[in-house]
Amino acid sequence: EVTPGGKYRPPNCRSRHKVAVIIPHRDREAHLKHLLSHLHPILQRQQLEYTVYVVHQIHGSLFNRAMLMNVGFAQASLDNNYDCFIFHDVDLLLESDRCGYHCPKLSEHGRSNPKHLSVAVDKFDFFAKHVEVFGGVSIFTREQFLSVNGFSNLYWGWGAEDDDLFLRTWRKGYKVDRTDTEKCSFRMISHSHDRDNPMSAMRYLLLKQSLQRQNEDGLSSLRYRLISKTRGRVFTNVTVDVGGPT
Ligand code: UDH
């Protein structure tokens with residue numbers, strides 16, 4: 001029932017949420033197939049109006065997960081007025097339908113927080129190892145993501161871009177809500193480190209200066225070359241050249 005571009009709208013009701021699912025990707029085709037066949041039915045059973053965006057980084061430089069998330073946000077926003085964005089690693093499979101893939105309702109003060117969904121992952125014994133954990137699957141409203149200026153664009157290679165996002169989120173006065181781990185647990189598809197995504201040697205230094213850079217580094221400084229944007233059968237495929245570390 002998915003329409004071209006990986007879009008779905010429930011046939012018998014009006015969804016309360018318009019969700020864009022953003023998946024950063026390179027060379028993980030088997031994981032991608034697995035995730036998509038697992039995720040589409042869940043999102044449909046939750047009666048969400050949604051579109052899946054897979055943001056592919058071309059070869060030629062280190063992987064930049066964070067920047068691909070920013071590109072996904074920017075490109076999805078050109079297509080539709082989504083109110084909720086789910087930033088989703090390709091290798092995480094939700095275990096139960098009871099975990100809502102949508103943004104939280106506003107509190108009585110008219111405010112809500114970004115949410116970390118993948119707190120409980122089998123690989124980490126279903127337990128968050130440190131308080132700043134914000135990787136895997138996270139959820140922002142449009143306003144929240146704009147307010148934190150998205151992810152930093154400077155994290156090339158593996159590590160700490162999610163911790164950076166956690167700091168940015170706090171800095172703008174939000175807390176990070178954690179899901180109920182009874183409802184939301186994930187399996188991680190087992191894999192080793194990717195060749196072009198080595199652990200970043202710069203990550204701790206970048207993290208130290210995170211807050212000084214926040215307003216200048218992120219959505220506001222996002223530059224990339226769009227190679228193609230096509231509507232596939234089960235996802236919108238955005239292929240980009242995001243350059244490399246300077
Ligand atoms: N990703 C890609 N291609 C890459 C690198 C990363 O698609 O080459 C994407 C993908 O969506 C992935 C996400 O970025 O889920 C995060 O990267 P990751 O899965 O490498 O990060 P994670 O922390 O795993 O989940 C770290 C490697 C663990 C190796 C353990 C060896 N025993």
Side-chain angles (χ1 to χ4, degrees), residues 6 20-40 51-73 75-76 85-95 101 116-140 150-166 184-204 206-207 224 227-228 232 234-245:
V21 180
I22 316 283
I23 303 170
H25 180 260
R26 181 161 76 182
D27 292 339
R28 298 272 196 99
E29 271 70 24
H31 295 186
L32 184 60
K33 277 189 185 164
H34 203 132
L35 173 66
L36 292 171
S37 61
H38 183 77
L39 192 57
H40 273 296
T51 307
V52 174
Y53 289 85
V54 177
V55 189
H56 290 274
Q57 182 179 342
I58 60 165
H59 284 278
S61 89
L62 294 173
F63 194 71
N64 190 327
R65 172 180 179 272
M67 211 166 160
L68 297 183
M69 299 299 200
N70 285 343
V71 171
F73 176 86
Q75 285 295 322
F85 294 81
I86 304 194
F87 299 99
H88 204 304
D89 279 359
V90 78
D91 51 7
L92 286 172
L93 305 174
L94 181 67
E95 288 194 307
Y101 259 52
H116 184 222
L117 227 64
S118 55
V119 180
V121 179
D122 62 343
K123 183 180 164 186
F124 307 114
D125 300 324
F126 299 101
F127 177 72
K129 293 269 190 282
H130 59 283
V131 78
E132 296 89 357
V133 168
F134 205 10
V137 183
S138 50
I139 300 190
F140 283 73
F151 281 83
S152 162
N153 296 311
L154 302 183
Y155 288 83
W156 300 94
W158 183 90
E161 81 292 343
D162 50 335
D163 300 340
D164 187 298
L165 183 67
F166 180 90
C184 297
S185 59
F186 290 81
R187 302 243 156 224
M188 185 183 280
I189 304 174
S190 139
H191 66 93
S192 44
H193 270 291
D194 301 272
R195 208 194 52 201
D196 292 329
N197 195 28
M199 224 175 251
S200 155
M202 295 287 289
R203 66 191 191 284
Y204 293 123
L206 285 168
L207 202 53
Y224 62 94
I227 308 283
S228 65
V234 290
F235 60 89
T236 296
N237 183 344
V238 178
T239 300
V240 283
D241 178 0
V242 291

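Worth knowing before you read on, the calculation uses all heavy atoms, side chains too, and leaves out hydrogens, waters and symmetry mates. All of these numbers come straight from a predicted model, not from anything done at the bench. Start at 1 and go down the list; that is how both ligands and their atoms are numbered.
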Between Tyr224 and Gln75, do the side chains contain an N or O donor and an N or O acceptor separated by less than 3.5 Å?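 There is such a pair between these side chains.
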Select the closest option to atom 17 (O) of ligand 1 among Arg28, His31, His191, Arg195, judged by heavy-atom distance. Arg28
Nitrogen or oxygen atoms of [X] and ligand 1 under 3.5 Å apart:
| X | result |
| --- | --- |
| Val90 | yes |
| Asp27 | no |
| Ser192 | no |
| Ile23 | no |

Atoms of ligand 1, numbered as shown, that sit under 4.0 Å from any heavy atom of [X]:
| X | value |
| --- | --- |
| Pro24 | 7 (O), 9 (C), 10 (C), 11 (O) |
| His193 | 26 (C), 27 (C), 29 (C) |
| Met188 | 25 (O) |
| Asp89 | 11 (O), 13 (C), 15 (O), 16 (C) |
| His25 | 7 (O) |

State yes or no: are the ring centers of Phe85 and Phe151 separated by less than 6.0 Å?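 That pair fails the under 6.0 Å test.
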How far is [atom] from the closest protein heavy atom, and which atom is that?
| atom | result |
| --- | --- |
| atom 5 (C) of ligand 1 | Asp194 OD2, 3.3 Å |
| atom 21 (O) of ligand 1 | Trp158 NE1, 3.2 Å |
| atom 3 (N) of ligand 1 | Arg26 O, 2.7 Å |
| atom 14 (O) of ligand 1 | Phe63 CE2, 3.5 Å |
| atom 28 (C) of ligand 1 | Lys123 NZ, 3.4 Å |

In the structure I gave you, are the side-chain heavy atoms of Leu117 and Tyr101 within less than 4.5 Å of one another anywhere?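 Yes, side chains in contact.
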Report yes if the side chains of Thr236 and Val52 come closer than 4.5 Å at any heavy-atom pair, otherwise no. no
Applying side chain to side chain contact (heavy atoms under 4.5 Å, CB included) between Ser152 and each of Asn70, Asp164, Leu206, Leu207, report the one that passes.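 The option that passes is Asp164.
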Does Tyr204 have more than 12 heavy atoms from other residues, nucleotides or ligands lying within 6.0 Å of its OH? no
Give the ring-plane orientation class for His56 versus His25, where under 30° counts as parallel, over 60° as perpendicular and anything between as tilted.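 Aromatic pair His56/His25 classed perpendicular.
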Please evaluate residues Asp194 and Arg28 with respect to the criterion salt bridge (charged side-chain N to carboxylate O under 4.0 Å, His left out), reporting the C-alpha separation (whole Å), side-chain torsions for both, the decisive distance (0.1 Å), and the verdict. CA-CA 9 Å; Asp194 301 272; Arg28 298 272 196 99; 2.7 Å; yes
Among Arg187, His191, His31, whose side chain to side chain donor-acceptor pair (under 3.5 Å) with Asp91 holds?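 Result for side chain to side chain donor-acceptor pair (under 3.5 Å) with Asp91: His191.
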Between Asp89 and Arg65 (salt bridge meaning N to carboxylate O under 4.0 Å), is one present in this structure?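 Salt bridge flag = yes for Arg65 with Asp89.
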